[in-house]
Colleague: 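One structure follows; several queries about it will come next.
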There are 2 protein chains.
Amino acid sequence: MQIRTLPANGRAATRVEATTGSNVLTRLRSDIVNSEFKPSARLKFADMTKRYDVGIGTLREALSQLASEGFVTVEAGKGFKVAPVSAEELVEITDLFIGFETRAIREAIAAGDDDWEANIVAVHHRLRLIEGLPWSERMERHTEWVQRHREFHEALVAACQGRWLLRMRTMMFDQLDRYRFVTKNASESQGRKKFDEHREIMQATVARDGDSAAAMIERHIRDTSDRALKILGQQG
Amino acid sequence: MQIRTLPANGRAATRVEATTGSNVLTRLRSDIVNSEFKPSARLKFADMTKRYDVGIGTLREALSQLASEGFVTVEAGKGFKVAPVSAEELVEITDLFIGFETRAIREAIAAGDDDWEANIVAVHHRLRLIEGLPWSERMERHTEWVQRHREFHEALVAACQGRWLLRMRTMMFDQLDRYRFVTKNASESQGRKKFDEHREIMQATVARDGDSAAAMIERHIRDTSDRALKILGQQG
DNA sequence: AACTCAATTATTTTCGAAACTTTGTGCTTC
DNA sequence: GAAGCACAAAGTTTCGAAAATAATTGAGTT
């Protein structure tokens, strides 16, 4: 699922980048998550082919995949739109995600080996390095934080054996990212709180304490969602 | 998910069929579920364009959607394959489906109105009409039974408000259909048992007894899956 | 025989022109 | 002025040729 797009730097004409197909899929999804395209906005092919510099067919393929993932809606003959957002949907997605994540982490704790544990510690450290920064710097590197935050949560459940469980968990995580976007400008005290929570979750997990880890994750997620919900309510 | 094709005009040359795109998606999925293409089989564009009489692009779009749904796998540059099946996967899918279905039916029972109830009774009756047939006839109309069985289970949860819950429930139901295929030739006594179970589930649901309905559904599904699992184990 | 590596064949992936649909606009009629 | 109709404009959907990539074959070498 994660196609890493590496900097197409000015080196010799080496072909490091992903194929245009999965590349445009990733960029498009990222643009929707980051609200470059507003919810319910129409996605016209004419505009898109220029923006992403790909053919109509390639774009169409990416868009129909995003439709399966729930990021866009499609109506035959009328084209594609960015899926709308709503408070009700956020509540449901949060609920489902917590269910998946807590279940996955219990299974991971039961099945995880030393490599899994070591990776969690490593990835958590990478997250710390950004979260520990002075607030202004931390905000400047928000995109990077999003990525590392994702990697941290992914590492926690990586040892879970259920492929479908992980798949659905990832789907819901991706959807939550869209809503997390509205809390981008959270306060410094909130940021500090998260910093601590991540450490506690990491510790409970490597201590193989499934109940604590699950409970902490639930609080951690619900907290963020509640704040997003409040902001969403103020806006409309 | 179900694209209803409404006749765009009342003209003589009426176009009753779905647009090529969603049409080929449906046919392809159906062919995979019915094992026309065996698990892990390669899906070559040259063959497919002839079989379905559509262009490469259209086919590609359908295939990448089926990839998101988990029916096919895709490897960049190497094309598409039918997703493999395994006993482990069946166990996981069954588990997840039961979780979704029982949760959905409780919510439906809490929220359902008179129309919802009436529809369940109607759809159950349509199912009965096939299940009550002499066994040989019942088997001849197996495809029709699959459709009505799906409609029955869909009607039960139709009043559930969670869009994502229903979505994931449908995903898992579709996946189960693939495995149900192997139990197509179940015995007459098994068929009779299902006949009774469907009636009991229907009755518990319209009686608004969520606990009973959920418990019965769990037994009902797990029973079928266990039988499929046995057959799957014998084969490989 | 086992191992290159270059040429050839098979297959996938991309792209945009052409066909088709929907939406918008202005004219006609009642 | 509203409703209907015809035509133009805007947009989407389909298709297959062409480019790019992967797999195969086979001659030459160790």
Side-chain angles (χ1 to χ4, degrees), chain A residues 3 5-6 8 12-29 32 37-38 40-68 71-83, chain B residues 1-29 32 37 40-68 71-83:
Chain A
I3 291 102
T5 343
L6 294 173
T14 43
R15 197 133 175 43
V16 186
E17 14 171 352
T19 57
T20 58
S22 53
N23 187 34
V24 73
L25 173 66
T26 308
R27 285 202 284 157
L28 202 34
R29 178 167 35 216
I32 290 173
F37 301 115
K38 293 286 184 305
S40 299
R42 231 181 125 198
L43 298 167
K44 289 191 244 186
F45 285 99
D47 304 344
M48 310 284 257
T49 47
K50 267 181 274 178
R51 189 181 223 270
Y52 297 106
D53 191 33
V54 291
I56 295 172
T58 308
L59 209 36
R60 192 158 223 289
E61 191 183 324
L63 283 168
S64 31
Q65 269 189 89
L66 290 174
S68 309
F71 284 108
V72 309
T73 60
V74 54
E75 207 178 341
K78 307 247 200 93
F80 296 83
K81 280 183 177 182
V82 178
Chain B
M1 281 270 143
Q2 67 275 46
I3 293 100
R4 187 76 47 92
T5 358
L6 36 155
N9 54 28
R11 214 60 74 64
T14 39
R15 249 170 110 17
V16 184
E17 10 166 358
T19 55
T20 333
S22 55
N23 187 34
V24 72
L25 173 66
T26 309
R27 284 202 285 157
L28 202 36
R29 178 166 38 214
I32 291 172
F37 301 115
S40 300
R42 236 187 115 193
L43 298 167
K44 288 193 244 185
F45 285 99
D47 304 344
M48 309 285 258
T49 46
K50 266 181 274 177
R51 189 183 223 271
Y52 297 107
D53 191 34
V54 292
I56 295 171
T58 308
L59 209 36
R60 192 159 223 291
E61 190 183 324
L63 282 168
S64 29
Q65 269 188 88
L66 289 175
S68 311
F71 285 107
V72 310
T73 60
V74 53
E75 205 178 342
K78 304 248 205 90
F80 296 82
K81 281 183 178 182
V82 178

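Sequence lines set the chain letters: A, B, ... in the order given, protein chains first and strands last, and positions in each chain run from 1. Nothing here was measured: the structure is a model prediction, and the numbers come from that model.
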Colleague: Is B/K78 near enough to D/dA22 that one of its side-chain N or O atoms lies under 4.0 angstrom from OP1 or OP2?
Modeller: no

Colleague: Rounding to a whole Å, what distance do you find between A/N23:CG and C/dC15:P?
Modeller: 11 Å

Colleague: Before giving the answer on side chain to side chain contact (heavy atoms under 4.5 Å, CB included), spell out for B/F37 and B/M48 the whole-Å C-alpha distance, their side-chain angles and the decisive distance to 0.1 Å.
Modeller: CA-CA 11 Å; B/F37 301 115; B/M48 309 285 258; 4.1 Å; yes

Colleague: Would you sort out whether A/L43 and A/L59 count as a side chain to side chain contact (heavy atoms under 4.5 Å, CB included), showing the intermediate values?
Modeller: CA-CA 11 Å; A/L43 298 167; A/L59 209 36; over 6 Å; no

Colleague: Could you tell me how far apart A/E61 (CD) and C/dC15 (C1') are, to the nearest whole angstrom?
Modeller: 13 Å

Colleague: Separation of A/I56 atom CD1 from C/dG16 atom C1', in whole Å?
Modeller: 6 Å

Colleague: Please state how far atom CG in A/L63 lies from atom C1' in D/dT13, giving the value in whole angstrom units.
Modeller: 13 Å

Colleague: Would you mind telling me which of C/dT12, D/dT14, D/dG11 lies closest to the side-chain atoms of B/K44?
Modeller: C/dT12

Colleague: Pair B/F45, B/L63 - check side chain to side chain contact (heavy atoms under 4.5 Å, CB included), show working.
Modeller: CA-CA 10 Å; B/F45 285 99; B/L63 282 168; 4.1 Å; yes

Colleague: Could you give the CG-to-P distance, from B/L25 to D/dT13, as a whole number of Å?
Modeller: 14 Å

Colleague: Between B/A76 and A/G57, which has a closest nucleotide on DNA chain D that is more 5'?
Modeller: A/G57

Colleague: Could you go through the side chain to side chain contact (heavy atoms under 4.5 Å, CB included) check for A/V72 and A/K81 one step at a time?
Modeller: CA-CA 5 Å; A/V72 309; A/K81 280 183 177 182; over 6 Å; no

Colleague: For B/R42 and C/dT12, give me the distance from atom CZ to atom C1', rounded to whole Å.
Modeller: 9 Å

Colleague: Expressed as a whole number of angstroms, how long is the span from B/F80:CZ to C/dA10:P?
Modeller: 22 Å

Colleague: Figure out the CZ/C1' separation between B/F45 and D/dA19, and round it to whole Å.
Modeller: 16 Å

Colleague: Can you see if the side chain of B/R60 gets near the phosphate of C/dT12 - specifically, an N or O under 4.0 Å from OP1 or OP2?
Modeller: no

Colleague: If each of A/D53 and A/G77 is mapped to the nucleotide of DNA chain C with the nearest heavy atom, which maps nearer the 5' terminus, i.e. the 5' end?
Modeller: A/D53

